[in-house]
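Only one structure is covered here, and it is reproduced in the block below.
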Amino acid sequence: MYLADRSAPAGAKTAPDRGPGRGPAVAPTVLALGAVSLITDVSSEMVTAVLPLYLIAGLGLSPLGFGALDGLYNGVSALVQLTGGHLADRVRNHKLVAGIGYGLSALCKPLLLLAHSLGPISVILALERTGKGLRTAPRDALISLSTPDELQGRAFGVHRAMDTTGALLGPLAAFLILGVAVDGYDAVFGVSACVAALGVVVLMLFVPSGAGVDGTPPRPAATPAPGPAAARPDPVRLRDAAGLLRLPRLRALALCAVLLGLTTVSDAFVYLLLQRRTGMDDQWFPLLPLGTAAVFLLLAVPAGALADRIGRRTVFLTGHALLLAAYGLLLWAPDWPALPYLVLALHGMFYAATDGVLPAAVAATVPESLRATGLALVGTGQALARFGCSLAFGGAWTLWGTGPALAAAAAGLLCCAAVAGFVLRPAPTAPPAPPAPSAPSATDPARRP
């Protein structure tokens, strides 16, 4: 029931013993998927960087309306994650389902050029998030299935670092385009569509359909003799997916992901709060995600490796403590010139300590045949909780103002982190049994006459 547990359940894949210098530290499949995520995130973060200003300043949306739309943006993805994870396990082709998700998101980008009112934009964003929901669990399953259990944290850290490189470049590209283009928002949406299409091409060409521990497509087994043993394995059923929640460790992880997601304010609100706190000009707003992404990029791999070494529970909870510190700075810190840098640094450290560590912990508790489904269960719970947090925070901002809304979120995060620490506490270890007495040997003096 805790993140530090590295044991695999029955049916989970275990890695062969590797000697020094044998095999790559990171599987080729992880690197290929990292490249796809890098390119796709350049496209997505170009849009995400300008979306809050476009909706609030351009279309006159209220904070409550933006909270509802931001919640929809993430809630749709959460609900579809279950479908994507179960479908990938059922058809036993994670790459196919992930490719459909990437393709759907890419098709939605050019549609933003045609939508200039809230209704159509909401529909397009919901479809784009549907694509994200379809691809997330199959992609993470491909990463975990191509990596030995003892290197899961590092593998997810490498992927998240490459993904975050795209998140770093996307806002920078949006900033440059807004500075030189006449119709800045439309130019951002158009370039974003082209980059998203490139990501789909890279996925199709360089990511294998299946992956073994060494990152290569698994070799086909010898053809079995005709008979019952040669029959195809039973398809994954919904009953099997629901049965995953009977695993105590997975149930504990899902509970903690939901509790902490309920108090995790969305990135867009953090950036809007920081802009209002510092009086930053709108021109510089698209650069705020760069601070978070830069710190995330630098620390994702070290945080994943540290989680493999000292335990995922400790790193995961430390990440939420860093997020709580960021909330505290936004609430009570003096108006220092360094305040934006401190908040963005803590925000990036939070993601480095949690974003890859949680799926690495989930992967260690779920059998291989249900890997994508298990990842989707926890991811869906977390995303739905964040959907609720967006709605609640947007409403509290509208009714009471930014200070009380953020104070409530900080208090909730403190309480939920304490509960998560209790639920994920290490199980007590039984004292070692005393060694069994050995039979006296022939040379034992007690046996001599």
Go through the steps to decide whether Arg129 and Val80 satisfy the test side chain to side chain contact (heavy atoms under 4.5 Å, CB included), and finish with yes or no. CA-CA 8 Å; Arg129 292 293 93 179; Val80 178; over 6 Å; no
Side chains of Tyr351 and Asp267: closer than 4.5 Å at any heavy-atom pair? yes
Could you check whether any side-chain N or O of Arg371 sits under 3.5 Å from a backbone N or O of Ala141, counting only pairs where one atom can act as donor and the other as acceptor? no
Start with the C-alpha gap between Ser266 and Arg386, add the side-chain angles, then the distance that decides, and say whether side chain to side chain contact (heavy atoms under 4.5 Å, CB included) holds. CA-CA 7 Å; Ser266 75; Arg386 291 183 176 179; over 6 Å; no
How long is the straight-line distance from CD1 of Ile124 back to CG of Leu114, given to the nearest 0.5 Å? 7.0 Å
Does any N or O in the side chain of Gln81 come within less than 3.5 Å of the main-chain N or O of Ala137, such that one atom is a donor and the other an acceptor? no
Report yes if some heavy atom in the side chain of Leu346 is under 4.5 Å from a heavy atom in the side chain of Leu323; otherwise report no. no
How close do His94 and Pro138 get, counting heavy atoms only, and between which atoms? O-CB, 3.4 Å
Quick check: closest heavy atoms across Asp41 and Ala167, and the distance to 0.1 Å? OD2-CB, 3.6 Å
Nearest-0.5 Å distance, CG of residue Leu255 to CG of residue Leu259: 4.5 Å
Can you confirm whether Phe350 sits close enough to Phe296 that some side-chain heavy atom of one is under 4.5 Å from a side-chain heavy atom of the other? no
Walk me through it: do His159 and Ser37 pass the test side-chain hydrogen bond (donor to acceptor under 3.5 Å, both in side chains)? CA-CA 8 Å; His159 174 268; Ser37 293; 2.8 Å; yes
Where the side chain of Ser43 meets the backbone of Ile39, is there a donor-acceptor pair that is under 3.5 Å apart? no
Pairwise side-chain contact, Val357 with Phe156, heavy-atom cut-off 4.5 Å (strictly under): no
With side-chain hydrogen bond (donor to acceptor under 3.5 Å, both in side chains) as the test, would you mind laying out the steps for Ser105 and Arg135 before giving the verdict? CA-CA 10 Å; Ser105 294; Arg135 70 182 185 247; 2.8 Å; yes
Partners of Tyr102 by ring-ring contact (aromatic ring centres under 6.0 Å, His included), sequence neighbours excluded? none
Okay, side chain of Thr292, backbone of Pro289: is any donor-acceptor separation there less than 3.5 Å? no
Check whether any side-chain heavy atom of Met162 sits under 4.5 Å from a side-chain heavy atom of Leu31, and report yes or no. yes
4.5 Å side-chain heavy-atom contact, Phe206 and Pro28: no
Any side-chain heavy-atom pair of Val366 and Leu375 under 4.5 Å: no
Is the side chain of Glu45 donor-acceptor paired with the backbone N or O of Gly166 at a distance under 3.5 Å, no angle test? no
Trp336/Leu342 under side chain to side chain contact (heavy atoms under 4.5 Å, CB included): CA gap, chis, key distance, verdict: CA-CA 10 Å; Trp336 298 327; Leu342 291 173; 4.1 Å; yes
Would Arg160 and Asp140 pass as an ion pair if we require N to O under 4.0 Å? yes
Give a yes or no answer on whether the side chain of Ser146 reaches the backbone of Ile143 with a donor-acceptor pair at less than 3.5 Å. yes
Shortest non-hydrogen contact from Arg139 to Leu33? O-CD1, 3.8 Å
pair Leu344-Leu274: side-chain heavy atoms closer than 4.5 Å: yes
Drop me the distance from His86's NE2 to Leu377's CG, to the nearest 0.5 angstrom. 11.0 Å
Using only atom types and a distance under 3.5 Å, with no angle test, would you say the side chain of Ser192 pairs donor to acceptor with the backbone of Val188? no
Thr164 side, atom OG1; Asp355 side, atom CG - distance, nearest 0.5 Å: 7.0 Å
Tell me the closest heavy-atom pair linking Leu406 and Leu330, and the distance in Å. CD2-CB, 3.5 Å
Hey, could you give me the CG/CG distance between Leu384 and Leu82, rounded to the nearest 0.5 Å? 8.0 Å
Flag, side chain of Arg313 to backbone of Gly421, donor-acceptor distance under 3.5 Å: yes
Can Glu128 and Val47 be said to form a side chain to side chain contact (heavy atoms under 4.5 Å, CB included), step by step? CA-CA 11 Å; Glu128 200 276 337; Val47 175; over 6 Å; no
Quick one: OG1 on Thr165 to CG on Leu38, what's the gap to the nearest 0.5 Å? 5.0 Å
May I ask you to decide if the ring planes of Phe393 and Trp397 are parallel, tilted or perpendicular, using 30° and 60° as cut-offs? perpendicular
Which atom names give the shortest non-hydrogen contact between Leu358 and Gln382, and what distance separates them? CD2-NE2, 3.7 Å
Under 3.5 Å donor-acceptor, Arg251 side chain and Leu245 backbone: yes
Kindly give the heavy-atom pair with the smallest separation between Val30 and Ala155, and that separation in Å. CG1-O, 3.6 Å
